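Structure first, commentary second.
Whatever order the structure lists ligands and atoms in, that order sets their numbers, starting from 1. All values reported here derive from a predicted model rather than from experimental measurement.
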Amino acid sequence: MHKKKLEILNAKKNDALIGGGQLRINSQHAKRKLTARERIDLLCDPGSFEEMGMLVTHRTSDFGMEEQIFFGDGVVTGYGNVLGRLVYIFAQDFTVFGGSLSETHAEKICRIMEMALKNGAPLIGLNDSGGARIQEGVRSLAGYADIFYRNVRASGVIPQISAIMGPCAGGAVYSPAITDFILMVEQSSYMFVTGPNVVKTVTNEEVSSESLGGAHTHAVKSGVSQFTAEHDADCIDKIKKLLSYIPQNCEERPPRLDYILADESRAGLSSIIPDNASHPYDMKQVIAETLDADSFFEVQEEYAENIIVGFGRIAGRSIGIIANQPMVLAGCLDVNASKKGARFVRFCDCFNIPLLVFEDVPGFLPGTDQEWNAVITNGAKLLYAFSEATVPRITVITRKAYGGAYDVMNSKHIGADFNFAWPSAEIAVMGAKGASEIIFKKEIEASDNPVKMLFDKETEYAEKFANPYHAAARGFIDEVIDPTITRIKLIKAFASLENKVDNLPRKKHGNIPL
Ligand code: HXC
């Protein structure tokens, strides 16, 4: 080939590789942000990334745009391997028009989304963008809608992961919101529908970008994000870790690690539950002792901490864990915990990840705040999500399983495959004190010593009902087990459910109470 032709190609590629130029790259680094290409290099196995559309340029001539042409048009797209598995990636390049979304930029992203869907591989979006390309007007808005539409078509078919590694504002936040997981980088990313200036104009509130929509805000207050990263490299590490638990698509099983069975009893599990049933304990200890060593990967760690959700492994099998946390609100279910739990259950069910529930729940949180914020509708989400899930499902009741929350937390009645209880389990309509106050009200009032009478009745009720044996007698509990053999039981039970097949009645789709 003529040498000159190769030189032209190489010159164009070199131009593309430096995006908006060295000065803008320096400015990106000064904000402690990596460039799109540096992020992809960290994410993909060495040499595996193949770029598509490197030479795409925008088609705008308004506002002098024809003078400003950058190859790639502000987004790097392609496919590569992450820990040996195929993924499709788009990474917005802030050095080109602030990563803003033009018509062609959107076309590149849509192309990658379609490839991911057709080839059954996860889609990973590294977002860092000033939003709609202002010079393009409605064409840019159309581009966003094209992306949203494809996000929805792909939902439940392939895992979709959104890392927010810079600004993400306006309607742009809705693509990440539709995807399965959002990761945010501390101090350098934010998400909001309307920024601080508009907020000030409309509501007269003074608020910083960080406070309005930074990583901390969305991890703790809104629950919009599922993971927080300290910096870009940490964010990429977390994406890789997350991928290690989930399959390529809804037709596949999650990855499984080799595991050789050894002594699977765990003596530590027998000393976690306090003697006094009203004392808290850390359910994360139960989780850590039960799962394969260091395999728990918590999701939404800082939001609605009264419920714990996350991925883990048991004898190498990937599972999703949902657990009440007695350390926070005594483990009560509330609006936020129900939403958090329901969303996680549905993700696992979409992608064939079996579910393990650890239950210690005194009920739903009472109060006007909860009722007025629709604890009925939101609690029903969790109930619906469990009832609808067809993946293997196992529950271990460690202590309290009271009232409606007993039904909701993956009870036998809503389709759990195995229900185990520890001898410390209390399965009843409510706690002994509340129950005695209601059903022995007259006797207590008529008594010469109401305090003693209440105590006696409470003891009688507790002895009768605050145990797992009534439920076991009815077959609602399959087995009451010594806590130390919990892991052994779970390994066997999950293995027995390996080929579970359960189908929902034919329907277009259900109508979860959103
Ligand atoms: C075109 C943009 C741009 C945009 C930034 N740039 N945003 N170009 N369209 N939306 C360009 C800047 O002109 C600049 O170009 C470069 O990107 C970097 O921007 P800076 O402002 O220098 O960077 P920084 O100080 O870090 O501020 C980043 C920013 C700010 C906070 C994102 O640029 C900003 O507020 N941009 C506008 C955001 C916005 O209003 N977007 C539209 C939202 S509405 P040079 O040449 O100097 O490097 C929307 C609707 C979506 O998105 C609806 C979907 C349904």
Side-chain angles (χ1 to χ4, degrees), residues 15 18-36 56-76 90-110 113 125-152 162 164-179 182 184-202 207-215 217 224 232:
D15 268 2
I18 58 158
Q22 195 56 48
L23 282 180
R24 291 188 180 97
I25 292 174
N26 295 347
S27 149
Q28 178 85 343
H29 288 161
K31 292 179 203 153
R32 63 188 281 283
K33 287 160 70 183
L34 297 175
T35 65
V56 166
T57 55
H58 70 71
R59 309 183 194 107
T60 311
S61 51
D62 299 317
F63 306 109
M65 286 295 277
E66 69 275 23
E67 307 296 326
Q68 301 182 63
I69 300 289
F70 296 92
F71 288 122
D73 202 27
V75 62
V76 181
F90 70 85
Q92 292 178 312
D93 180 355
F94 194 81
T95 70
V96 175
F97 303 118
S100 59
L101 190 127
S102 67
E103 187 179 22
T104 42
H105 179 124
E107 282 168 5
K108 285 181 70 177
I109 294 177
C110 288
M113 295 175 85
L126 308 180
N127 296 267
D128 187 358
S129 167
R133 177 92 43 94
I134 293 166
Q135 296 90 335
E136 293 210 7
V138 71
R139 281 173 288 152
S140 163
L141 299 186
Y144 272 118
D146 288 339
I147 294 170
F148 304 155
Y149 181 69
R150 284 162 181 75
N151 283 133
V152 174
S162 302
I164 313 298
M165 309 181 86
C168 184
V173 294
Y174 286 111
S175 169
I178 296 167
T179 63
I182 294 179
M184 292 189 74
V185 181
E186 279 171 17
Q187 302 300 328
S188 59
S189 72
Y190 53 77
M191 297 178 80
F192 36 66
V193 174
T194 48
N197 293 342
V198 178
V199 170
K200 169 85 180 133
T201 312
V202 177
V207 65
S208 66
S209 292
E210 186 61 29
S211 166
L212 184 63
T217 297
V224 164
D232 282 12

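A donor and an acceptor atom, one from each side chain of Glu136 and Thr60, are located under 3.5 Å apart. When only modelled atom types and interatomic distance are considered, His105 and Gln92 share a side-chain donor-acceptor pair under 3.5 Å.
When each atom of ligand 1 is checked for a heavy atom of Gly131 under 4.0 Å away, the hits are 52 (O). Atoms of ligand 1 lying under 4.0 Å from any heavy atom of Lys31, numbered from 1 in the order shown and given with element: 26 (O).
In this structure, atom 20 (P) of ligand 1 has its sub-4.0 angstrom surroundings free of protein heavy atoms. Within the 4.0 Å cut-off (strictly below), a protein heavy atom is located near atom 6 (N) of ligand 1. The nearest protein heavy atom to atom 38 (C) of ligand 1 is closer than 4.0 Å. In this structure, atom 33 (O) of ligand 1 has no protein heavy-atom contact shorter than 4.0 Å. Within the 4.0 Å cut-off (strictly below), a protein heavy atom is located near atom 53 (C) of ligand 1.
The closest approach between a heavy atom of Gln135 and any atom of ligand 1 is below 4.0 Å. Taking 4.0 Å as the cut-off, Tyr190 counts as a neighbour of ligand 1 on heavy-atom distance.
Atom 36 (N) of ligand 1 has as its closest protein heavy atom Gly130 O, 4.3 Å. Protein heavy atom at the shortest distance from atom 10 (N) of ligand 1 is Ala132 O, 2.8 Å. When only non-hydrogen protein atoms are considered, atom 48 (O) of ligand 1 lies nearest to Arg24 NE, 2.6 Å. Counting protein heavy atoms only, atom 17 (O) of ligand 1 is closest to Gly98 N, 2.9 Å. Among protein heavy atoms, the minimum distance from atom 9 (N) of ligand 1 is reached at Ile134 N, 3.1 Å. From the protein, the heavy atom lying nearest to atom 8 (N) of ligand 1 is Phe97 O, 3.6 Å. Protein heavy atom closest to atom 27 (O) of ligand 1, with residue, atom name and distance, is Phe94 CZ, 4.5 Å.
Remark: the backbone N or O of Ser188 is not paired with any side-chain donor or acceptor of Lys31 at under 3.5 angstrom. The closest donor-acceptor contact from the side chain of Ser129 to the backbone of Gly99 lies under 3.5 Å. In this structure, Thr217 contributes its side chain and Leu212 its backbone to no donor-acceptor pair below 3.5 Å. The backbone N or O of Asp93 lies less than 3.5 Å from no partner atom in the side chain of Thr35, so there is not a single donor-acceptor pair.
Of the heavy atoms in Thr95, none comes closer than 4.0 Å to ligand 1. At a 4.0 Å heavy-atom cut-off, ligand 1 touches Ser100 through the side chain alone.
Minimum interatomic distance between Gln28 and Thr95 (heavy atoms only, all atoms of both residues): CB-CG2, 4.5 Å. When every heavy atom of Gly171 is checked against every heavy atom of Phe148, the shortest pair comes out as O-CZ, 3.1 Å. What you find for Ser189 and Met184 is that their closest heavy atoms are OG-CE, 3.4 Å.
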**Message:** Is there a salt bridge (charged side-chain N to carboxylate O under 4.0 Å, His left out) between Lys33 and Asp128? Walk through the geometry before answering.
**Reply:** CA-CA 10 Å; Lys33 287 160 70 183; Asp128 187 358; 3.0 Å; yes
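Tyr174 OH: 12 or fewer foreign heavy atoms inside a 6.0 Å radius.
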